[in-house]
Chemist: 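This is the structure I want to talk about, given as structure tokens.
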Amino acid sequence: MPPSAPLVDSFGRVHDNLRISVTDRCNIRCFYCMPETDVHFVERREILDFEEIERFVEIAVSLGINKLRVTGGEPLVRRDLPVLIRRLAAVRGIRDLALTTNGVLLPDLAEPLYEAGLRRLNVHLDTLDRERFRQITRRDDLDKVLAGLARAKEIGYRKIKINAVAVKNLVEPDIVPLARFARENGFEVRYIEFMPLDAQNLWDRSKVLLADAMIEMLSREIGPLHPVPDPDPRAPATEYEFADGGTVGFIASVSRPFCLNCNRVRLTADGKLRYCLFAIQEDDVKGLMRSGASDDEIRALIRRNIAGKWIGHEINSAKFVAPPRPMYSIGG
Ligand code: SAM
Ligand code: SF4
């Protein structure tokens, strides 16, 4: 079906990018996302099944969505994920399909996912140091992530990105080695400023390693960094390149919020629609679908959600309120 009028919010932002969480479960326990113990996962019957996800995507495409990112929780723990990827890759109107993963299960799944039609991967890796990896993720899986990255590269995924969360007084020793590792392997690191989305209210501004500090470290240790010319104004990462090759990106949600260019909307694993990572309110897509709603009713819900989108997250203002769901339950 050709797209109807695009999804525009009251600030004129056009939405064409959907992030779908396929599970809130995870096989590791990063401290800035999940609690160490007593994690509350939603019951399996509350999770959207593949038919529901595919139907939602087809409806979203009819409203102009053309980019999809599959995330979680850890999407690779969702059973039969390659089956879903194959179905999503086949949806007409999707121009770009990507997946964000912690990489632990990539050694086994990189190939079936590629065969299913996936070509773009973001692999979450904060450190090459085994002890710090264990400290951050509360698991000892660094070797699996590195093997997963190597496997993905060997298979031929293009533009593999590494997501590194920038927490102050913790990952400073990792900033430069990660960039070097990525340059050697043809990956691109995207350093993500630590955001207030952890499950234990650990965040405060003093714990954020800011993009400017990382740019300074990389320029000093590796070589001068220059902003990439003609950047995509709607991309969350600000990209820089080294004079002798290789790029790095910074998702500086705290020090340089990019809300004014936001084109993203999110579907949680339990079928709630959110116009922002930090949204307080969400709309119940699953409830509507399971009550027998028509495609038009679901379209109307999506339009209403986007129409009510706020201007931005206000992390830097006294008005900021952390969302009721932590990162793993929203879908990063
Ligand atoms: N499990 C997958 C992973 O770790 O990549 C996908 C879901 S995870 C929630 C998505 C991304 O969120 C991760 O790559 C990580 O970089 C980022 N993330 C998690 N918690 C964060 C936080 N409190 N602040 C900033 N980024 C965070
Ligand atoms: Fe799991 Fe990703 Fe959250 Fe880490 S950031 S606990 S890998 S969902």
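Numbers for residues simply follow the sequence, beginning at 1.
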Chemist: Side chains of Leu125 and Leu142, heavy atoms from C-beta outward: is any pair under 4.5 Å?
Modeler: yes
Chemist: In the structure I gave you, are the side-chain heavy atoms of Arg120 and Leu97 within less than 4.5 Å of one another anywhere?
Modeler: no
Chemist: Of all heavy-atom pairs between Asn17 and Ile65, which one has the smallest distance, and what is that distance?
Modeler: N-CD1, 3.6 Å
Chemist: Classify the ring geometry of Phe194 against Phe31: parallel below 30°, tilted from 30° to 60°, perpendicular beyond 60°.
Modeler: perpendicular
Chemist: Are Leu88 and Val70 close enough that some pair of their side-chain heavy atoms sits under 4.5 Å apart?
Modeler: yes
Chemist: Could you check Arg87 against Glu51 for salt bridge (charged side-chain N to carboxylate O under 4.0 Å, His left out), going step by step and ending with a plain yes or no?
Modeler: CA-CA 9 Å; Arg87 290 166 72 158; Glu51 282 68 35; 3.2 Å; yes
Chemist: If you define the side chain from C-beta out and look only at heavy atoms, does anything of Leu7 sit under 4.5 Å from Asp16?
Modeler: no
Chemist: What do you reckon, is NZ of Lys144 surrounded by more than 12 foreign heavy atoms closer than 6.0 Å?
Modeler: no
Chemist: Less than 4.0 Å between a side-chain N and a carboxylate O, is that true for Arg304 and Asp283?
Modeler: no
Chemist: I need the minimum non-hydrogen distance between Ala269 and Asp24, along with the two atoms involved.
Modeler: CB-N, 4.0 Å
Chemist: So which heavy atom on Leu128 is nearest to which on Phe181, and how close?
Modeler: CD1-CB, 3.6 Å
Chemist: Taking all heavy atoms of Ile47 and all of Arg290, pick out the closest pair and write down the distance.
Modeler: O-NH2, 3.2 Å
Chemist: Closer than 4.0 angstrom, basic N to acidic O: yes or no for Asp295 and Arg55?
Modeler: yes
Chemist: Would you call the rings of Trp203 and Phe320 parallel, tilted or perpendicular if under 30° counts as parallel and over 60° as perpendicular?
Modeler: tilted
Chemist: Counting only N and O atoms by type, is there a donor-acceptor contact under 3.5 Å from the side chain of Tyr157 to the main-chain atoms of Ala110?
Modeler: yes
Chemist: Between Asp198 and Lys207, is there a salt bridge with N-O shorter than 4.0 Å?
Modeler: no
Chemist: Here's one to test your reading of the geometry: is the NZ or CZ of Arg183 within 45 degrees of the ring axis of Phe242 and under 6.0 Å from its centre?
Modeler: yes
Chemist: Does the ring of Tyr114 carry Arg119 above it, NZ/CZ under 6.0 angstrom from centre and within 45° of its axis?
Modeler: yes
